Amino acid sequence: MFYSGILQQSSFLNLKSTGYSIRRFFSFAVCSIQRSCLQHCLYKIVTMDKKEPEGLKIKREIGLIGGIALISGTMIGSGIFMSPQFVLSYVGSPGASLLIWTISGIVSMLAALSYTELGTIIPESGGDFIYILRIYGPFPAFFAAYTMVLVLEPFAAAALSIGIAEYAAAPFYMDCSPPTVVVKCAAAFSLFLVAIINALNVRLAIRIQVIFLVAKVLALTTIVVGGLVKLSQSTDMIVENLKVENSFTGTQFSLSTFGMAFSQGLWSYSGWCSLSYVTEELKRPEVNLPRAVVIAISLVTSLYLLVNVSYLTVMTPRELMSSTAVAVTWGNKVLGSWGWIMSLAAALSAFGSLNGMFFSGSRVCFVAAREGHMPDILSMAHVHRLTPSPALIFITTVSLIVLIPGDFKSIINYFSFTAWFFYGATLSGMIYLKIKKPELPRPYNVPIIIPVLALIAAVFVVLGPIIDSPQIEYLYVTLFILSGVIVYIPFIHYKMCPEFLNLLTMFLQLFLEVAPAEKQL
């Protein structure tokens with residue numbers, strides 16, 4: 001039954017007969033599969049009262065708990081363990097730092113609620129790509145897919161893998177930073193491991209997400225409780241850091257500094273839209289999507305604020321800003337010889353976030369290929385495991401390439417800039433639908449002020465740092481996005497396809513045991 005997709009794909013390729021032995025081999029292989037496929041389908045037709053056999057579909061495996069775990073598990077990564085020192089160093093004061101964390105949580109909630117309404121109007125997987133495609137058309141949607149698949153997902157995965165590696169290596173290099181080679185090798189291993197997990201089974205990936213979410217909440221709760229214990233012993237540090245007279249002393253007031261701090265804060269909340277990438281795999285999305293969003297983001301925002309207060313209960317702002325691993329420094333001060341536990345907790349937390357990012361990010365690549373915006377092989381799923389294994393392999397490969405020259409801080413800045421550009425485009429489309437298409441069925445509806453406020457925040461994140469302190473790197477990112485025109489015109493608009501790509505698709509389809517998958521609506 002599942003190999004019927006290969007039968008469809010072989011007719012789709014429409015290869016011309018030639019005398020080359022490689023083509024005869026492919027033809028023989030496909031014909032053999034077709035014969036067994038037809039026999040299997042004939043049996044299914046007879047045993048199912050002559051009903052049409054269904055095509056290959058990815059199943060709905062994600063319930064409410066899985067949805068909460070996917071959102072909050074993706075959000076709680078290395079950001080809360082690594083970004084606090086960056087946020088504080090940009091804004092310059094503890095009070096302004098906590099304000100940035102609060103605003104970042106509110107903006108994430110507003111944007112996620114807006115995406116929830118879009119997800120019930122357009123109940124398809126793919127997130128920003130599919131929303132932009134349905135609202136604006138194929139041309140802008142291609143730029144979204146092109147940037148997400150080649151920039152956003154790989155850069156975010158690379159940043160998380162670096163966070164995993166740094167925290168995993170920290171206990172072994174107590175007096176110095178771990179060597180770059182060690183960090184990069186450990187990061188590459190984590191990318192491979194997560195890719196294998198997601199390629200094996202959907203349920204396995206979701207179960208791991210749930211388990212790691214529980215571990216993350218326990219780790220953050222430990223930090224909060226440790227802060228309370230220190231607070232009960234002495235209030236001098238917290239009073240010095242957060243009393244009204246001192247909490248905003250040293251604040252740097254500029255669009256650039258607040259924009260960069262905001263980017264670091266939003267990076268720690270990234271993942272709020274991960275469930276919209278897998279809508280077709282969510283059970284009862286009209287019910288579970290809004291519930292999962294509200295529960296997950298409320299949980300994460302509360303934990304983030306309490307953890308930051310705990311950091312300031314133990315460390316001075318100068319100690320926090322000079323720390324290369326905030327959670328480890330906190331652990332050494334509070335837990336003593338058991339401080340290495342925080343390194344392990346941070347590494348496991350980032351690993352769970354990386355798992356969620358691979359799970360949702362691979363669906364963007366998968367859906368874009370299904371809509372004709374990426375090579376056909378990326379739109380296929382494994383015929384037995386029902387996972388988008390070609391898309392996972394592709395995302396892993398690009399992430400490894402990005403990992404080679406990248407560092408955590410610069411990756412986050414570029415990620416936030418490009419991500420919020422497309423978030424803004426999606427939110428503006430949401431506002432357009434509310435004004436111009438009020439008749440569309442909306443199982444879940446939000447007031448128009450919510451997407452408007454989220455759009456204003458997106459515009460600030462994108463334009464604020466550029467206006468106040470322009471850097472050449474932003475121009476490079478913009479030029480890269482626009483370079484998609486070179487690919488779109490010949491290959492997407494005019495649908496040009498070199499002959500060797502057809503042969504390559506056929507070979508990979510047989511080698512990876514994948515077939516085209518239908519929409520699950």
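Computed from a predicted structure; not experimentally measured.
- Applying the salt bridge (charged side-chain N to carboxylate O under 4.0 Å, His left out) rule to K59 yields no partners; only residues at least two apart in sequence or on another chain are considered.
- F351 pairs in a ring pair (Phe, Tyr, Trp, His ring centres under 6.0 Å) with only one of the listed residues (F212, F358, Y167), which is F212.
- Of all the heavy atoms in I206 and G66, the pair that sits closest is CG2-CA, 4.0 Å.
- Shown here for A205 and N355, the closest heavy-atom pair between the two residues is O-ND2, 3.1 Å.
- In this structure, CD1 in I76 is found 5.5 Å from CG in L299, a value given to the nearest 0.5 Å.
- Within the 4.5 Å cutoff, side-chain heavy atoms of K283 are placed close to those of R60.
- Looking only at distances, a side-chain donor or acceptor of S310 sits under 3.5 Å from a matching main-chain atom of I223.
- Side-chain contact check for L403 versus K184: some heavy-atom pair is nearer than 4.5 Å.
- Separation of atoms CZ (R291) and CD (E286) is listed at 10.0 Å; rounding is to 0.5 Å.
- By the 4.5 Å heavy-atom criterion applied to side chains, T257 and V91 are not counted as neighbours.
- A donor-acceptor pair under 3.5 Å is formed between the side chain of T221 and the backbone N or O of V217.
- A distance-only check finds no donor-acceptor pair linking the side chain of T147 to the backbone of A144 [under 3.5 Å].
- Within the 3.5 Å criterion, the main-chain N or O of A425 finds a donor-acceptor partner in the side chain of S428.
- In terms of heavy atoms, L289 sits closest to G119 at CD2-CA, 4.1 Å.
- With contacts defined as side-chain heavy-atom distances shorter than 4.5 Å, the pair L88/P317 qualifies.
- A donor-acceptor pair under 3.5 Å is formed between the side chain of S114 and the backbone N or O of L110.
- S399 has its side chain out of reach of T396: every pair of non-hydrogen atoms, C-beta onward, lies at least 4.5 Å apart.
- The shortest distance between side-chain heavy atoms of N445 and E117 falls below 4.5 Å.
- Between the side chain of T387 and the backbone N or O of V202, no donor-acceptor pair lies under 3.5 Å.
- Between the side chain of K216 and the main chain of G77, no donor-acceptor pair closer than 3.5 Å is present.
- Applying side-chain contact (heavy atoms from CB on, under 4.5 Å) to F366 and the options P388, S389, S125, P390 leaves one that passes, P388.
- Residue W330 holds its CH2 atom at 5.5 Å from CE of M342, rounded to the nearest 0.5 Å.
- For the pairing with V309, the side-chain contact (heavy atoms from CB on, under 4.5 Å) check across L228, L231, V224, L98 returns one residue only, L98.
- Checking side-chain atoms of T426 against main-chain N and O of F422 turns up a donor-acceptor pair under 3.5 Å.
- In this structure, CZ in F192 is found 10.5 Å from CZ in F189, a value given to the nearest 0.5 Å.
- Applying the ring-ring contact (aromatic ring centres under 6.0 Å, His included) definition to pairs two or more places apart or across chains, those involving residues 95-124 are W101-Y304, Y115-Y131, Y115-W272.
- Counting only distance, with no hydrogens or angles, the side chain of K434 and the backbone of V446 share a donor-acceptor pair below 3.5 Å.
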Discussion item. Checking T251 against S93 for the side-chain hydrogen bond (donor to acceptor under 3.5 Å, both in side chains) test, could you report, in this order, the C-alpha distance in whole Å, the side-chain angles of both residues, the deciding distance, and whether it holds?
Written reply: CA-CA 5 Å; T251 302; S93 67; 2.6 Å; yes
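- Of all heavy-atom pairs spanning E153 and Y277, the tightest one is OE2-CE1, 4.0 Å.
- Y146 meets the side chain to side chain contact (heavy atoms under 4.5 Å, CB included) test with F142, L150, F480, S483, V487; sequence neighbours excluded.
- Panel note: side chain S353, backbone T74; a donor-acceptor pair is recorded below 3.5 Å.
- A292 and G67 make their closest contact through CB-C, 4.0 Å (heavy atoms, listed as atom of the first residue, atom of the second, distance).
- Rounding to the nearest 0.5 angstrom, the gap separating the CG atom in L282 from the CG atom in N288 is 5.5 Å.
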